[in-house]
Amino acid sequence: MNTEASKKAFQEAQSLIPGGVDSPVRAFKSVGTTPIFITEGKGAYLKDVDGNEYIDYVQSWGPLLFGHRDEAIEAAVIGAVKHGLSFGAPTLAETELAKLVVAFFDSIDKVRFVSSGTEAVMSAIRLARGFTGRDNIVKFTGCYHGHSDALLVEAGSGAATFGNPSSPGVPADFTKHTLLAEYNNIESVKKCFADSSDIACVIIEPIAGNMGLVPADKEFLHELRKVCDAHGTLLLFDEVMSGFRASVNGAESITGVKPDIVTLGKVIGGGMPVGAFGARAEIMAMLSPEGPVYQAGTLSGNPVAMAAGYTALTKLKQNARVIAVLNERAKRLVEGMQSTAAKYNIAMQVDTRGSMFGFFFNDKPVKNFKDATKSDAELFAKFHTGMLDKGYYFACSLYETGFISTAITDEMIENTIQASDTVFKEITNV
């Protein structure tokens, strides 16, 4: 496949933008190739600057549940734009979208909209600290909650330890209140509480999508809820990625575990920049201007984003079976690829949650980030490059999750599986 125009575009971008991209994973470094530059998307497809088309299994990293340029969402955006791009003042659209979000989530009485998932999590943690009067938080290795300073922490040896910054530019003092635990390991969480009596919240992706797709075990989440309750600590579910993707009612409807605070993003913007955090009324009452915890944003509740999100969630509400149908396709995809991999003696672990899917080239099940790092990164890079060359666009990192949209048909799934068979054959030289 010819990608010369993308290569030239990348060279020019690198002279003007650090690394040539505005978000690091887009640089394709982990797969060892040059990123493709996109000109447009339609339905299930992307088109690049060379004119190549790809079936898109990234869907803008999750927001596009109904594919690119869904007619209803596109019309809502155009309609909103005709009234103005931004007001910095209240609009009815915010209230209407808030009604939908609250109706979907049992754990949310009130919600506040922001402009990104990073902002939602950052604000939710400040709210948790303000509500509890405590400083420390617990996060899990391999869970990504945006790039705010307190959450850019890597694990050292041991199950639970105070975190050190994992990026230059983040002072150690900013992360000294962040404790680390191992995903799906309740003993590591208990150790955090043994180390500190000042824990405001435990933040977790209940369906992790940033170490590959690694759902938390139900039993683990139930125990986590008990530990938080015993210590008067808030439990924060980060569903920026999984919200309305894994389930229309959030991870609590899948696991039976009710969080105290939920962060959302992606689908609730329908492709526009958006984030949100919500909780029961008692907690949200702490938020300014009702309470003393300050949070603000000029573009929060942007009317164009609200229109797109309202349309997306309304479509989802009107067709409750969407997630189940997409899960069937997601399972067919990964199980089909797993079957073809087995033909060539390639070990592959797969999983799905709703319209999310993931796979690891690993001979053992993946339960946490340590397990994920034992996957074959070189094989993943070869597979990614091979599939891209055949017109299939997968996430460009083995630590990312894939997404199915309603625009992806059963026929596309079958064609993808057949293409994977060819790629595995080429990789193994069989």
- Candidate pair His177 and Asn136, rule side-chain hydrogen bond (donor to acceptor under 3.5 Å, both in side chains), full reasoning: CA-CA 4 Å; His177 294 296; Asn136 293 338; 2.8 Å; yes

Say whether [X] and [Y], considering side chains only, have a donor N or O and an acceptor N or O under 3.5 Å apart.
| X | Y | value |
| --- | --- | --- |
| Ser148 | Thr118 | no |
| Tyr54 | Asp48 | yes |
| Glu12 | Ser15 | no |
| Thr233 | Arg134 | yes |
| Ser397 | Glu400 | no |
| Arg112 | Gln295 | yes |
| Asp238 | His145 | yes |

What I want to find out is whether [X] reaches [Y] closely enough, with some N-O distance under 4.0 Å, to be called a salt bridge.
| X | Y | answer |
| --- | --- | --- |
| Arg332 | Glu414 | yes |
| Asp135 | Arg129 | no |
| Arg225 | Asp229 | yes |

Show the nearest heavy-atom pair for residues [X] and [Y], with the distance to one decimal.
| X | Y | value |
| --- | --- | --- |
| Tyr183 | Pro206 | OH-O, 3.4 Å |
| Val423 | Lys390 | CG2-CD, 3.7 Å |
| Phe357 | Ala330 | CB-CB, 4.2 Å |
| Phe10 | Gly19 | CE1-O, 3.3 Å |
| Ala305 | Pro273 | CB-O, 3.7 Å |
| Met211 | Phe369 | SD-N, 3.4 Å |

Looking only at atom types and distance, does a side-chain atom of [X] sit under 3.5 Å from a main-chain N or O of [Y], one as donor and one as acceptor?
| X | Y | result |
| --- | --- | --- |
| Glu239 | Ala251 | yes |
| Asn327 | Gly354 | yes |
| Thr416 | Leu333 | no |
| Glu290 | Met284 | no |
| Glu205 | Gly209 | yes |
| His222 | Thr255 | yes |
| Gln338 | Met348 | yes |
| Ser405 | Ala407 | yes |
| Asp389 | Met1 | yes |
| Asn368 | Lys370 | yes |

Hey, can you pull the donor-acceptor pairs under 3.5 Å for the side chains in residues 61-89, sequence neighbours left out?
| from | atom 1 | to | atom 2 | distance (Å) |
| --- | --- | --- | --- | --- |
| His68 | NE2 | Asp56 | OD2 | 2.7 |
| Arg69 | NE | Glu74 | OE2 | 3.4 |
| Asp70 | OD1 | Lys315 | NZ | 3.4 |
| Asp70 | OD2 | Ala72 | N | 3.2 |
| Asp70 | OD2 | Ile73 | N | 3.1 |

Rounded to the nearest 0.5 Å, how far does [atom2] of [Y] lie from [atom1] of [X]?
| X | Y | atom1 | atom2 | answer |
| --- | --- | --- | --- | --- |
| Gln11 | Leu16 | CD | CG | 12.5 Å |
| Ser107 | Asp260 | OG | CG | 8.5 Å |
| Lys139 | Leu236 | NZ | CG | 13.0 Å |
| Asp198 | His231 | CG | NE2 | 13.0 Å |
| Met387 | Ser420 | CE | OG | 5.5 Å |
| Glu40 | Ile38 | CD | CD1 | 10.0 Å |

- Task: Output, in order, the C-alpha distance, side-chain angles, deciding distance and verdict of salt bridge (charged side-chain N to carboxylate O under 4.0 Å, His left out) for Lys331 and Glu328.
- Result: CA-CA 5 Å; Lys331 288 182 68 175; Glu328 291 170 5; over 6 Å; no

- Task: Could you check Gln59, Arg245, Arg329 and say which one makes a side-chain hydrogen bond (donor to acceptor under 3.5 Å, both in side chains) with Ser355?
- Result: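 Single side-chain hydrogen bond (donor to acceptor under 3.5 Å, both in side chains) partner of Ser355 among Gln59, Arg245, Arg329: Arg245.
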
Report yes if some heavy atom in the side chain of [X] is under 4.5 Å from a heavy atom in the side chain of [Y]; otherwise report no.
| X | Y | result |
| --- | --- | --- |
| Ile186 | Val189 | yes |
| Glu411 | Asn415 | yes |
| Val121 | Ile203 | yes |
| Ile36 | Asn52 | no |

Taking atom [atom1] of [X] as the centre, report whether more than 12 heavy atoms of other residues, nucleotides or ligands fall under 6.0 Å from it.
| X | atom1 | answer |
| --- | --- | --- |
| Leu92 | CG | no |
| His147 | NE2 | no |
| Lys42 | NZ | yes |

- Message: Under the criterion side-chain contact (heavy atoms from CB on, under 4.5 Å), I'd like the reasoning laid out for Leu179 against Ser196: C-alpha separation, chi angles, the key distance, then a yes or no.
- Response: CA-CA 9 Å; Leu179 289 77; Ser196 173; 4.1 Å; yes

- Query: According to the ring-ring contact (aromatic ring centres under 6.0 Å, His included) rule, which pairs have a member within residues 20-43, sequence neighbours left out?
  - Reply: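 Pairs touching residues 20-43 that pass the test: Phe28-His384.
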
- With sequence neighbours left out, which residue pairs that include part of residues 276-328 fulfil the ring-ring contact (aromatic ring centres under 6.0 Å, His included) condition?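 Matches after skipping sequence neighbours: none remain.
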
- Show your working on side-chain contact (heavy atoms from CB on, under 4.5 Å) between Thr263 and Phe237 and close with a plain yes or no. CA-CA 7 Å; Thr263 60; Phe237 274 8; over 6 Å; no

- Message: Tell me whether the rings of Phe105 and Phe244 are parallel (<30°), tilted (30 to 60°) or perpendicular (>60°).
- Response: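 The arrangement is perpendicular - the two ring planes meet at more than 60°.
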
- Using the ring of each side chain (for Trp, its six-membered ring), is Tyr392 parallel, tilted or perpendicular to Tyr57, with breaks at 30° and 60°?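 The arrangement is parallel - the two ring planes meet at less than 30°.
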
- Task: Taking the six-membered ring for Trp and the single ring otherwise, decide whether the centroids of Phe361 and Phe383 are under 6.0 Å apart.
- Result: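 Centroid distance Phe361-Phe383: below 6.0 Å, so yes.
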
- Message: Walk me through whether Tyr393 and Leu388 qualify under side-chain contact (heavy atoms from CB on, under 4.5 Å).
- Response: CA-CA 5 Å; Tyr393 188 78; Leu388 191 68; 3.6 Å; yes

- Sole residue of Thr33, Val49, Thr34 in side chain to side chain contact (heavy atoms under 4.5 Å, CB included) with Lys7: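 Exactly one candidate clears the test, Thr34.
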
- Message: What verdict does the side-chain contact (heavy atoms from CB on, under 4.5 Å) test give for Phe359 and Phe394, after you've listed the backbone C-alpha separation in whole Å, the side-chain angles of each residue and the deciding distance to 0.1 Å?
- Response: CA-CA 11 Å; Phe359 57 89; Phe394 283 90; 4.1 Å; yes

